[in-house]
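Worksheet: one structure, shown below.
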Amino acid sequence: MKFVRYINLREKAFMLIIMFGPPGSGKGTNAEFICSKYGLSSIATGDIMRSKMHQQDALGKQISKIMGTGELFSDDIINPLVSDAIKEKLAITGNNGLLFDGYPRTSGQFDFLNKLLTELNIKIDVVLLFQIPDSTIIERVTSRRIDKETGKVYNLQFNPPPANIVHRMEQRLDDTIEVITNRLNVYKQQTEPLIQKYKALGIVRTVDASETLVEAQERIVKVLSEFKQSIN
Ligand code: AMP
């Protein structure tokens, strides 16, 4: 571990944010907004797994099988990937902090992250909890489409792709009605209970994700202004 590098970072301001909320609540889109506005590095476990899936080898096939059900990967697979990603991101010069998108999702991951952060002497500044009704999630997620050439995300209802690229649109294999229903169940059973543990630490701030993106972002900026001096 690059402790020296890390100590340098701590001399400078450093911030750690966890994006928490059900699948399809806008964590990914808002993560991009936060990272570019405040100069943080994102660790998105879903993106890590999708990039491995697209390698199309034996591991990729195994990954798409699990993702296609909406179930979670085991902690034994996810935790070491996160540990490596943290080390890699901490080594980046000019990094103002880290943002976790989609991690932790189980109590095993929660404990692993706590232990790792304690070893690194990093504290979690804020957990942003995205709140949104299931019916809105299902509506949003099933109409989400990805441009397979650029990776840009569109929504057939709220942000439709231009007519000349409609033929390039793909649906994520876990954005079907059946799979999103299971992802929501998995979230309620395995992930949602963790929020009480973060609430006990007094670091949870809610974001109403059923409003427009602009309204959600205004709320995020307001919440993060509490910490502004630490990320300037
Ligand atoms: P996401 O893009 O965050 O919605 O994640 C997509 C899928 O990747 C999930 O439905 C899981 O199958 C897998 N995944 C992402 N993050 C985790 C995690 N922290 N633990 C286990 N599986 C995960």
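Counting convention: from 1, in listed order, for ligands and their atoms alike.
- Which parts of ligand 1 touch Arg50 is read off a 4.0 Å heavy-atom cut-off, strictly below it: atoms 2 (O), 6 (C).
- Side chain to side chain, Ser74 and Asp76 fail the donor-acceptor criterion of an N or O pair below 3.5 Å.
- For atom 4 (O) of ligand 1, the nearest non-hydrogen atom of the protein is Arg183 NH2, 3.2 Å.
- The proximity of Asp174 to ligand 1, defined as any non-hydrogen pair under 4.0 Å, is limited to the side chain.
- Every N/O-N/O distance between Ile66 and ligand 1 stays at or above 3.5 Å.
- Enclosure of atom CD in Gln190 by more than 12 non-hydrogen atoms of other residues, nucleotides or ligands within 6.0 angstrom is indicated.
- Note on Asp147 versus Lys152: no salt bridge recorded, every NZ/NE/NH1/NH2 to OD/OE distance being 4.0 Å or above.
- Selection from Gly46, Pro104, Pro22 by nearest heavy atom to atom 5 (O) of ligand 1 gives Gly46.
- Using a 4.0 Å cut-off between heavy atoms, Glu71 contacts ligand 1 through its backbone alone, with no side-chain atom that close.
- Near Tyr103, with a cut-off below 4.0 Å to any heavy atom, the atoms of ligand 1 are 19 (N).
- Contact annotation: for Gln190 versus ligand 1, there are no heavy atoms closer than 4.0 Å.
- Looking at every heavy atom in both residues, Phe14 comes nearest to Asn95 through CD1-O, 4.3 Å.
- Salt bridge status for Arg183 with Asp175: present, with a side-chain N to carboxylate O gap under 4.0 Å.
- Of the protein's non-hydrogen atoms, the one nearest atom 22 (N) of ligand 1 is Phe73 N, 3.1 Å.
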Report task. Carefully, step by step, assess Phe100 and Phe20 under the rule ring pair (Phe, Tyr, Trp, His ring centres under 6.0 Å). Result -> CA-CA 9 Å; Phe100 289 97; Phe20 205 96; over 10 Å; no
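- Against a heavy-atom cut-off of under 4.0 Å, Met67 is close to the following atoms of ligand 1: 7 (C), 8 (O).
- Per-residue contacts place Gln109 under 4.0 angstrom from the following atoms of ligand 1 (heavy atoms of the residue considered): 18 (C), 19 (N), 20 (N), 21 (C).
- Checked by atom type and distance alone, the side chain of Lys199 never pairs as donor or acceptor with a backbone atom of Val204 at under 3.5 Å.
- No side-chain donor from either of Tyr187 and Asp134 sits under 3.5 Å from a side-chain acceptor of the other.
- Under 4.0 angstrom from ligand 1, the non-hydrogen atoms of Ile78 all belong to its side chain.
- When Ser25, Gly102, Gly70 are ranked by how near their heavy atoms come to atom 19 (N) of ligand 1, first place goes to Gly102.
- Where the criterion is an N or O separation shorter than 3.5 Å, residue side chain and backbone included, Arg105 meets it with respect to ligand 1.
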